[in-house]
Each structure stands twice: as C-alpha cells, then as structure tokens.
Amino acid sequence: MVKRKNVAVIGGGVSGLAAAKAFDERGHRVFGFERTHDFGGVWELSRSYPDVQTQSPKDLYCYTDLPMPEDYPEWPKGPQVHAYLHSYARKHELTRLFQLNTNILSMDRRTDGKSGWTLTIEAAGQVRQQDFDFVAICTGQFSDKNIISHPGQDEFVAEGGQVMHSSEYTDSNLARGKHVVVLGGSKSATDLVVNAARNGAKSVTFVYREPVWRVPYFVGGINFKRLLYMRAQEQQFNQWGKSPLQRVIAAVLKPLVWLNFRGLEMMLKTQLGLKKWNMVPDVPIEKDVSCSIPIVTPGLFEGFKDGSIRPIQGTYDHYEKGHVVLTTGDRVPCDLSVLAVGWKLGIPYLAQEYLGKLIEADGQYRVYRLSVNPDVPDMGFVGFNSSFCTILSAEMIANWLVRYADGQLANQPTARQMNDNIEMMLHWKRNERPAAQVYGGLCSAPFHFKHFDELLADMGAKVRKRANPLAEQFSYPNAQAFGRFLASTPQYQAG
C-alpha cells in the first residue's frame, strides 16, 4: 500500500495545475500555493503584454485530455490561453486545492524526525509554518523578473523618461506618441517592437546583442510544426546517451544531415532577408536550436522594410536626457525604454545548503530527468523540463514525479544511477551540445520524443508509440496519443 502524502504544489501556472491534478488523482492531499490573485502563471492577464501569443501551435500546447477549443486560432492569444487554463482547472476541480495570494518565504527540512519539508507561508499578512511529506516546485523559468539598470537611469526617469520590464508593458497606449527603445533579442522583444510600431509610437528601435536563428510560423509556406517537431528531424541533432551503433549511423549520415540544415538555413535567409539586415547568426542552426530559439513575430521584418522599426546590434551603454546611448555609439531618442531581458531562474526560498547540492558553480542544475536530485530528497520540479510543447512536457513530468515520489516507477532509480545519469548529462551539455545549457540546462527541446520516451519507459507504459509508424516518425507530438500512453502505465491509489 502506498502511503498517502501531504504534498505542497508551489505555483498555479501550467505546471502547477498539471502537478496538482497528477498528485490529487493518485489520492494524495494536495495543498497548492499561488502567490498572485489568479491561476495562469505567465499567462495571468496582469503579467501579459499586449498581443502576446503562443510560440507553439494550439495542438502542441495543450493537456492530453483537453484540446484547445476549435475556434481558437492556430497560435492562441494570451487571454485565450488564460481561459483555457481556467477550463482545465474547472474540469479537474483544481481550484479547491489552491490558496491564492499566498507566498512561500522559506523551505527547510523537517525537524520532527520525519522526512519532508517545512514551508514558511505568508498570506493575508500572517506567517505560518506547515509540514509536508513532498514538495513539487512548479514555478517554472519565468517566475521572477530579471531587473537590470544602466548608468544615468535615475536621472533619465527623473526627467520624465520611463524604464520598465517587458512584463510591465501591459497597455499599447504606453507607446503612443513616444520614442520607444526595446532591449532584447527574444520573441517578447520583437512582439513589443511590432506592437509599439502599430500603436502610434513616434519611433521604435530594436536593440539586440547578437543575431539568432528565428523561425517563422510558416517556413516556405509549411507550418513549422511539420518541419522541426518530427522525431525524424529530432534524430538529426546530437542527442545524449548515444550507443556505439547510433554514433556510427550518425557519422555515416552526417553529410546528409549537414545538407538538410544548410537547406533550412538558406530558406530562412531568403524568406526573412537576413543578409540584408546583417542578421545571419554565426552558429549553425543545428547547434543553436533550444528553448531559447524565438519564433518570428509577424510584422517584424515588414517593420524593418518600411522603416517603422529600426534594428541595431549592440546594447545599452548609458542613458542621457531623452536618449539611450548604445555601445555602438548610437544616440537613440528614447521616452520609453522596455527591457525584454527575461527572467531569473532560481528557488529563492530553498535553504542555501540544498541549493549548493542542486546548482553547479556554472549555474547548471543537477537534476535527473530534469526533475529530481537524490541529494535533495522529497521534492521535485514540474515544468523545468521546458520545451516547445510546454504543457505536454509539464503533464508528462508531473505523472512521472508522483510515481517517483511513491516508489511506483517501473524503473525506480537508485541514488547512484541518478547521479551517474546527471554526470553524463552535464558532460553532454558542456562538451557536446553547449546550446543545451540555456536556462540552467533545464530544457528538453529539441529532444521532445527522446525525453518523453525515457519518462514513459520509467513509468512502465505498455504503449509508447503511435500505431502508424509514418505518423510516429514524421509528425509532431500528439497530446491525445500521449494521453493513451499514460493510460497504459500501471495504475494505483495511495491510501
């Protein structure tokens, strides 16, 4: 009999909802904590900038048992995703499990002789402590803003200028009649420059540090999900844990793989006009693809062409009255500076002695299956295995994690096995695929199928692939199919 646990789920976004559902349906007592007033995480409306939409098509960005509504567009807008997450919470009655407006201040090992953690919790001005047998950390990689500043910023603001993080740009009217400068190279940065240009900005300048490969929603007229999400394409990247035979096959096929990626690069250069804008990256695309590769915001390159958006490679040096001065020497008119510089990755409430065991000196996380560390027991991450199909990734790892916590994996790993695997993965990230080091090494893209294969094997799934071999090899991950795969795993109830 599996013991029923008191489980804390920290975070009420995509990953927190998946974890709460997974632990609840196994019979555990779930206590969810969300620090804001609403579910949704990055999709919560007060955190979303105008016109935000998914990078992934809707059939890749959904839970296994709830497709996105048919009337949603291929790439849903932020409010639609927010509504979808609420519909998932209603379907599984997850709201009863969560406490909103509740912040976790600290997380320490229990002192009552039992395994687990003591959380210090703040809500409604009151602080309390509560013990848990297991903690699922579901705050993801976009929880705390990365705040930066530059010389002269205080004087710039005192004289009427505005400086804000991209998540604070919540109203298109902020740009009207102003000289807008956006710093950053991600999709949020390009979304914002397009929004500002379309909403009456006097001028818009896009400042980016270095060219990166950007993938349009349609490559040569083909939906990119049919090009980059296939198992056949994934196998052309340098995966971890290759057997000697797989390495021989990879060596034989290397010239064909090289031609395939050069062809893709040529299509992107031609379609987007990258050479004209001096935006051809130095890194081959097959070495650069990871969770950080941005999708092209519609209207971005059109804005370059018509002059409504001015791209400059460089970064900020300092502010002056009414201007930003760049490292290139450019003195750019600026009333509104938007810093699309991302989010900080971390677990600020976890005691330092455990952070030291979890995070390497270079920022890489020591996690098995992108979720657990044997030296930091009774806890795991959901959603740190980010990918191009993040909702499915969260649901898969949540189902894996509850079985791990209960000792119910078909391949329950020992501490030695986990540490050996962690070392192998760290070596692969540092020496064979440096792009995999983004976000602290917590990214499964572009290896969705390989990651999911490992999770399903661990869980003992009797069915792990679609019946149609062509669909399995040449189509993108299908959420409903993975629902069937999960249903084929051994089922149990705690109690």
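Everything numeric here is computed off the predicted structure, so don't read it as measured data. Side chains are part of it too, since the values below use all heavy atoms of this structure and drop only hydrogens, waters and symmetry mates.
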Do the side chain of [X] and the main chain of [Y] share a donor and acceptor less than 3.5 angstrom apart?
X	Y	answer
Ser371	Phe381	yes
Lys187	Thr54	no
Thr102	Glu34	no
Ser444	Ser386	yes
Gln412	Leu409	yes
Glu472	Lys465	no
Gln271	Phe218	yes
Thr270	Met266	yes
Glu234	His448	yes
Lys429	Gly441	yes

So, do [X] and [Y] sit near enough that their side-chain heavy atoms are less than 4.5 Å apart?
X	Y	value
Thr489	Asn399	no
Arg466	Phe485	yes
Ile397	Leu455	yes
Tyr365	Ile347	yes
Cys291	Leu442	no
Pro50	Asp171	no
Pro57	Phe388	no
Leu174	Val180	no

Answer yes if the ring centres of [X] and [Y] are under 6.0 angstrom apart, and no otherwise.
X	Y	answer
Tyr49	Tyr169	no
Trp277	Tyr208	no
Tyr229	Phe224	yes
Phe39	Phe98	yes
Phe447	Phe449	no

Practice task
Would you mind telling me which of Val296, Leu228, Leu264 makes a side-chain contact (heavy atoms from CB on, under 4.5 Å) with Val215?
Solution key: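 For Val215, the side-chain contact (heavy atoms from CB on, under 4.5 Å) test succeeds with only one of Val296, Leu228, Leu264, which is Leu228.
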Closest contact, heavy atoms only, [X] versus [Y]:
X	Y	value
Val212	Pro281	C-CG, 3.4 Å
Leu300	Ile309	O-CD1, 4.1 Å
Val382	Ala19	CG2-CB, 4.0 Å
Ile422	Val372	CD1-O, 4.5 Å
Ser290	Cys443	C-SG, 4.2 Å
Ser15	Gly383	OG-CA, 3.1 Å

Any salt bridge linking [X] with [Y]? Criterion: basic side-chain nitrogen under 4.0 Å from a carboxylate oxygen.
X	Y	value
Lys357	Glu353	no
Arg366	Glu360	yes
Glu302	Arg198	no
Asp406	Arg26	no
Arg484	Asp65	no
Arg262	Glu265	yes
Asp362	Arg430	yes
Asp59	Lys225	yes

Going by atom types only, do [X] and [Y] share a side-chain donor-acceptor pair under 3.5 Å?
X	Y	value
Asp24	His92	no
Tyr316	Ser337	yes
Gln53	Tyr217	yes
Asn103	Arg35	no
Ser186	Ser188	yes
Thr36	Glu44	no
Glu74	Asn223	yes
Gln236	Trp258	no

Practice task
Test side chain to side chain contact (heavy atoms under 4.5 Å, CB included) on Tyr61 and Met68 and set out the steps.
Solution key: CA-CA 8 Å; Tyr61 204 76; Met68 282 204 174; 3.9 Å; yes
Exercise for the section: First locate atom OG of Ser167, then atom CG of Leu339, and finally report the distance between them rounded to the nearest 0.5 Å. Expected result: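 Result: 10.5 Å between the selected atoms.
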Handout entry: Spatial distance of atom CE (Met107) from atom CG (Leu119) [nearest 0.5 Å]
Key =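 These two atoms lie 6.5 Å from each other.
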Exercise for the section: Please work out whether the ring planes of Tyr63 and Tyr84 are parallel, tilted or perpendicular, with thresholds of 30° and 60°. Expected result: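 Judged by the thresholds at 30° and 60°, the geometry between Tyr63 and Tyr84 is parallel.
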Exercise for the section: For the pair Tyr404 and Trp400, name the ring-plane relationship: parallel under 30°, tilted 30 to 60°, perpendicular over 60°. Expected result: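 Parallel, since the angle between the ring planes stays under 30°.
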Quick check on [X]: does its [atom1] atom have over 12 non-hydrogen neighbours (other residues, nucleotides or ligands) under 6.0 Å away?
X	atom1	result
Lys254	NZ	no
Lys77	NZ	yes
Asp282	CG	no

Practice task
Under the side chain to side chain contact (heavy atoms under 4.5 Å, CB included) rule, what do Tyr72 and Val81 come out as? Steps first, then yes or no, please.
Solution key: CA-CA 9 Å; Tyr72 274 21; Val81 179; 5.9 Å; no
Exercise for the section: State which residues pass ring-ring contact (aromatic ring centres under 6.0 Å, His included) with Trp213; sequence neighbours excluded, sorted by chain then number. Expected result: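 Not a single residue meets the ring-ring contact (aromatic ring centres under 6.0 Å, His included) criterion with Trp213.
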Practice task
Kindly write out the residues that satisfy ring-ring contact (aromatic ring centres under 6.0 Å, His included) with His451, not counting sequence neighbours, or none if the list is empty.
Solution key: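 With neighbours one apart ignored, the set is empty.
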Exercise for the section: Just jot down the salt bridge (Lys or Arg N to Asp or Glu O under 4.0 Å) partners of Arg464, sequence neighbours excluded, or say none. Expected result: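 Arg464: no salt bridge (Lys or Arg N to Asp or Glu O under 4.0 Å) contacts found.
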Practice task
From the options Phe134, Tyr354, Tyr349, select the one residue that forms a ring pair (Phe, Tyr, Trp, His ring centres under 6.0 Å) with Trp117.
Solution key: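 Filter result, single survivor: Tyr354.
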Handout entry: side chain to side chain contact (heavy atoms under 4.5 Å, CB included) between Val52 and Val42, worked out
Key = CA-CA 10 Å; Val52 62; Val42 294; over 6 Å; no
